[in-house]
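These notes are about the structure you will find just below.
Keep in mind that the numbers below use all heavy atoms, side chains included, and drop hydrogens, waters and symmetry copies.
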2 protein chains.
Amino acid sequence: MGDPADQLDDYTSDCRARVAFEVLANRWDSVVVFTIAAYGPMRPTALLTRIGGISPKVLNDALRRLEYNGLMERRPYPEVPPRVDYALTEAGNALLEPMQAMGAWASRYADAVLDAQERFEVREAYTRPGAARRRRISLPGNAE
Amino acid sequence: MGDPADQLDDYTSDCRARVAFEVLANRWDSVVVFTIAAYGPMRPTALLTRIGGISPKVLNDALRRLEYNGLMERRPYPEVPPRVDYALTEAGNALLEPMQAMGAWASRYADAVLDAQERFEVREAYTRPGAARRRRISLPGNAE
DNA sequence: CCGCATCCCCCGCGATACTG
DNA sequence: CAGTATCGCGGGGGATGCGG
């Protein structure tokens, strides 16, 4: 864990390291993983209320994608009414620690990011009046 | 760094931790950050050849987005022909360690991810013949 | 050499409505 | 309750061409 170049071939040749970011690249995937890591296997409805602000369809998309990527296991029970829950796989569990490292970075630098966006927009408005809007990072307190 | 619930409020309330993933959510952003972390400030053309497989336009998009998010600093020189280079900010540098943690996970589990995708598709072909194609993680050795 | 302007495609998000 | 079917929208990836 010293020289960044140690992992560099992972990017320039076959980019293996990128896999870690791609499996969490979508908006809700990391939220779902983290929630289940914190509370254990959960049913979709529980996730809906626990997370908040996510629709059933989008949650289902996320769960299937996580299953597809091997981070989550779907566990259906042969009952009626239907019951299912989702649990982390070994790979999903192993991802938790790196995710916490990213989270620690965020709690330290999230304000810096938002400030940078703010200053960038001011600067751009001055030098390029007609500039296209950029994609801000959307936080609940951030909503327009 | 023990209980995942310690960071959980970051997700359910204002989702601060998500910022860390959003700033690297796009395909090339992590590659660019990592390359510059390894080799120091670089000019766009150098990045183009070093990284490979990325077009000038897409690289420029990535650089501007990274600048917008406060991870990179654009440093133009008043010369002709024009010269520019990009360097990591403090926030960008601080991101390197968490990124390496993610990279370590990837080198351990990337194959598991690809296997999971493979098995998922086989399973799905059996139970849902008309299923829509899913978005595979694209690696150079992976290209169709 | 830098990077902007276009154009196209794909896909995730989100809302809504419906079935077993 | 779990999951699917649609539809619209927005935005990134990629290719190409132009201008400072």
Side-chain angles (χ1 to χ4, degrees), chain A residues 15 18 21-32 42-49 51-69 72 74-86 124 127-138 143-144, chain B residues 15 18 21-32 42-49 51-69 72 74-86 124 127-138 143-144:
Chain A
C15 303
R18 235 184 43 216
F21 296 96
E22 298 231 356
V23 294
L24 295 177
N26 299 301
R27 177 165 190 191
W28 295 105
D29 293 7
S30 63
V31 183
V32 172
M42 287 180 75
R43 307 177 60 181
T45 34
L47 283 167
L48 276 179
T49 61
I51 293 174
I54 183 175
S55 75
K57 182 262 200 180
V58 172
L59 173 63
N60 192 46
D61 287 351
L63 288 169
R64 297 312 255 257
R65 191 166 42 231
L66 290 169
E67 186 192 7
Y68 177 64
N69 289 331
M72 305 262 292
R74 181 175 177 275
R75 308 189 300 186
Y77 300 83
E79 300 177 1
V80 36
R83 183 164 65 96
V84 192
D85 65 12
Y86 290 84
E124 198 173 44
T127 56
R128 284 183 60 208
R133 290 167 198 157
R134 292 182 177 271
R135 177 161 184 73
R136 281 209 204 199
I137 292 180
S138 59
E144 188 167 345
Chain B
C15 304
R18 236 184 42 218
F21 296 96
E22 298 233 355
V23 294
L24 295 177
N26 299 302
R27 176 164 190 193
W28 295 106
D29 293 9
S30 63
V31 184
V32 173
M42 286 180 73
R43 308 179 59 183
T45 34
L47 284 166
L48 276 179
T49 61
I51 293 175
I54 182 175
S55 76
K57 181 263 201 179
V58 171
L59 172 63
N60 193 45
D61 286 351
L63 289 168
R64 298 311 257 255
R65 191 168 40 232
L66 291 168
E67 185 193 7
Y68 177 65
N69 289 331
M72 305 263 292
R74 182 175 177 274
R75 308 188 302 186
Y77 300 83
E79 301 176 1
V80 35
R83 182 162 66 94
V84 192
D85 66 11
Y86 291 82
E124 197 173 44
T127 55
R128 287 183 58 207
R133 290 167 198 157
R134 291 181 179 270
R135 176 160 185 70
R136 281 211 204 198
I137 292 181
S138 58
E144 187 167 346

Provide, to the nearest angstrom, the distance between the [atom1] atom belonging to [X] and the [atom2] atom belonging to [N].
| X | N | atom1 | atom2 | value |
| --- | --- | --- | --- | --- |
| B:R64 | C:dC4 | CZ | P | 4 Å |
| B:L63 | D:dG12 | CG | C1' | 15 Å |
| A:Y77 | D:dA2 | OH | C1' | 14 Å |
| A:W28 | C:dA15 | CH2 | C1' | 14 Å |

Which nucleotide sits closest to the side chain of [X]: [options]?
| X | options | result |
| --- | --- | --- |
| B:P82 | D:dC1, D:dG12, C:dC2 | C:dC2 |
| B:R43 | C:dC1, C:dC13, D:dG14 | C:dC1 |
| B:K57 | D:dT4, D:dG13, C:dC13 | D:dG13 |
| A:S55 | D:dT4, C:dA15, C:dG12 | C:dA15 |
| B:R27 | D:dA2, D:dT4, D:dG13 | D:dG13 |

Heavy-atom nearest nucleotide on DNA chain C for B:P81 versus B:R135: which residue maps closer to 5'?
B:P81
Look at all strands and tell whether B:R74 reaches a base, only sugar-phosphate, or nothing, counting heavy atoms closer than 4.0 Å.
sugar-phosphate
Does D:dT4 have OP1 or OP2 sitting under 4.0 Å from an N or O in the side chain of A:N60?
yes
With a cut-off of less than 4.0 Å, is there a side-chain N or O of A:R134 near OP1 or OP2 of D:dG12?
no
